[in-house]
Structure formats: C-alpha cells, structure tokens
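In listed order, ligands and their atoms are each counted from 1.
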Amino acid sequence: MTPLTLAVQKTGRISDQTLDFLRQCGLSVNPGPRSLTARCADFPLEFLFLRSKDIPEVLADGAADLGLCGEDVVSEYGSDDLLTFERLGFGRCRLSIAAPGETDLTGSRIATSFPNTLRRWLDETGTQAEIVTLSGSVEIAPRLGIADAICDLVSTGSTLAQNGLVELDTVLRSESVLVGPEPSEPGKRATLDALLLRIRSRLAAQRTRYVVMNAPTASVEAIRGLLPGLKTPTVSQLADPGWVSIATVVGLDVFWETMQRLKDAGAEGILVMPIEQLVQ
Ligand code: AMP
C-alpha cells in the first residue's frame with residue numbers, strides 16, 4: 001500500500017486523546033519526546049507532530065496527506081478544497097461570542113484569535129462589528145477595555161464564568177476531524193480507505209455494547225422484538241431446557257431503555273461488554 005503522512009497535534013488539549021484514539025483504531029504510534037515524526041509499525045502511515053494551527057498549512061503545501069485537528073482550526077486556517085473524511089467525536093467545543101452582559105453586537109469591538117471565522121459569521125448574520133485580533137488570553141479583553149465582547153472556544157463555560165462573561169451566540173460547533181485534500185493517486189486513496197475502515201469500525205464500536213442475557217425459552221419472541229441488533233440475535237440453549245442465552249449488539253442511544261424492557265420481558269443476568277471494533 002502507498003504510505004500516507006498524517007499530521008496531528010504535538011502537545012496540547014487534544015494530543016493525548018488523539019494518540020489514544022489512533023491506538024484504539026489499531027494503529028501503533030509511539031512519538032519520542034522531541035521527535036517531529038514517527039512511523040506507524042503496523043500500517044503504512046507516517047505521523048507528523050505539529051501545532052494544530054500549522055496542520056492546514058502542511059496539507060496545503062503537500063507535506064502531509066491527512067490532518068487530524070479541530071474543525072475550528074480547519075475553519076480558521078484551512079483552504080476550501082479540504083475534505084472532512086470523518087468526524088471523530090472527541091475534542092468537542094464551540095466557538096462562541098460572549099460579553100460581560102447582554103450586549104448589542106452592532107458597532108461593538110469583538111476580540112478573537114479566529115478573525116477569519118468570525119468575519120464570515122458577521123457577514124452571514126449581517127452584523128456590523130469591529131474585529132480585534134489577539135493571539136491568546138482573549139477573555140480578559142473586555143476587562144482591559146480593548147473590546148466589548150469576545151469570540152473564543154468554550155467547552156464547559158467555566159472560563160467564561162470565571163471572567164464574568166455570558167455566552168451570547170454560537171459561531172461554530174467543533175469536534176476533532178480527519179481532513180485532507182482528495183488523494184492525488186489511486187494508491188493513496190486505497191490506503192485512506194483502509195484507514196477509514198479502521199476509524200469507522202472504532203467509531204461504530206464506541207456507539208454500541210455487546211449484550212448477553214439469560215431468558216426463559218417462552219420469552220424469546222418477545223425479547224427478539226425488543227432487540228434492534230445487527231441481524232437477529234444469537235440464541236443458544238442452556239443446560240436447563242426451559243432457558244436460553246441470547247447475545248446481541250445494542251446501540252448506546254437506546255441502551256438503558258432497552259435494558260429495562262429486556263428485564264420486563266423476562267431477561268436475567270444481563271452481561272454488558274464493550275466492543276473493540278465493529279467492522280461492517
Ligand atoms: P491547543 O492547541 O492545546 O489550545 O488545543 C486547542 C484545540 O483543542 C482546539 O483547536 C479545539 O479543537 C480543541 N478544544 C476542545 N475544547 C477546547 C476548549 N475549551 N478551548 C480550546 N480548545 C478546545
């Protein structure tokens with residue numbers, strides 16, 4: 001398979017989660033403390049460790065084929081031809097406008113490290129406001145008197161609250177994504193498809209649990225009707241002739257309500273196990 005280069009965050013808020021996620025996808029990645037590159041031992045992938053905001057740049061100049069970073073970074077620094085191959089479900093945050101209290105943004109000054117994204121949002125919403133670009137510590141700008149409002153990343157909202165700021169509008173919702181330009185050669189596309197199979201198998205596994213339960217034979221039809229599993233569940237006879245064991249996969253979105261209904265239908269001793277990969 002043709003090797004691909006994947007740029008990921010070196011150190012920062014999503015770097016540990018990125019490495020954990022890649023390992024859960026069955027990719028071995030062992031960066032040295034100061035190394036900027038590492039080779040994956042069991043897949044044709046070379047890792048580049050960079051600052052998040054440099055990832056779109058290496059994709060644009062062809063130094064990397066793929067990037068893993070937040071959608072906020074893609075929005076702010078990425079070119080229009082970047083494709084999102086998969087959303088990865090971690091590093092969730094939102095780019096929000098906040099101010100010391102209810103504030104009319106018209107004619108206001110908004111401090112941000114995301115001037116491009118904010119500019120697009122102001123244009124889309126027809127809001128006339130001045131952008132004050134800062135590279136960090138944006139949340140103190142209103143107190144310093146250099147802005148009336150801020151536009152910054154928020155996850156829990158506790159930093160905003162500590163600085164006496166109230167969230168007014170959401171400019172962008174973000175999570176970590178795998179992005180890149182369309183691969184230039186068929187060999188690279190094939191490697192990307194193999195990588196996406198691993199990633200999607202892991203994402204599907206995170207959304208499901210493997211469930212095994214005992215039930216009276218007379219309850220099997222009722223229990224089958226409750227199980228939205230992959231196909232029909234596996235039903236095996238127990239040593240006790242009136243009882244069976246039923247195994248299936250249940251989605252997390254309906255997990256607890258399904259468990260309650262299974263118990264009500266006569267299921268007992270319900271075992272719940274995580275799934276490593278769900279390849280479909
Ligand atoms: P860092 O370069 O360490 O500041 O990491 C920033 C990246 O982490 C951002 O690009 C976001 O995608 C993600 N992130 C998730 N939650 C937050 C948050 N509350 N504040 C800043 N970044 C966040």
SB check Lys263 Glu268 (cutoff 4.0 Å): no
Which residue and atom name correspond to the protein heavy atom nearest atom 10 (O) of ligand 1, and how close is it? Asp72 OD2, 2.6 Å
Nearest neighbour in protein (non-hydrogen) for atom 19 (N) of ligand 1: Ser155 OG, 2.7 Å
Quick one: does Glu71 get an N or O within less than 3.5 Å of an N or O on ligand 1? no
With the threshold set at 4.0 Å, does a side-chain nitrogen-carboxylate oxygen contact exist between Glu71 and Arg87? yes
heavy-atom search around atom 13 (C) of ligand 1 in the protein gives Ile14 CG2, 3.8 Å
Who else is in Tyr77's hydrophobic cluster (ILVMFWY, side-chain heavy atoms under 4.5 Å, direct or via others)? Val73
Side chain to side chain contact (heavy atoms under 4.5 Å, CB included) between Arg202 and Phe21, worked out: CA-CA 9 Å; Arg202 179 61 197 158; Phe21 180 77; 4.0 Å; yes
Which of the numbered atoms in ligand 1 are under 4.0 angstrom from any heavy atom belonging to Gly12? 3 (O)
Thr11 versus ligand 1: do any nitrogen or oxygen atoms come within less than 3.5 Å of each other? no
Can you list the ligand 1 atoms lying under 4.0 Å from a non-hydrogen atom of Val73? 10 (O)
For the pair Lys53 and Glu76, find out whether any cationic side-chain nitrogen is under 4.0 Å from an anionic carboxylate oxygen. no
When rounded to the nearest 0.5 Å, the distance separating CG of Leu59 from CG of Asp65 is 8.5 Å
Salt bridge check: are Asp54 and Arg51 linked by an N-O gap of less than 4.0 Å? yes
Protein heavy-atom partner closest to atom 16 (N) of ligand 1 - residue, atom, separation in Å: Cys93 CB, 3.3 Å
For atom 17 (C) of ligand 1, which protein heavy atom lies nearest, and how many Å away is it? Arg13 CD, 3.3 Å
shortest atom 1 (P) of ligand 1-to-protein heavy-atom contact is with Gln9 NE2, 3.4 Å
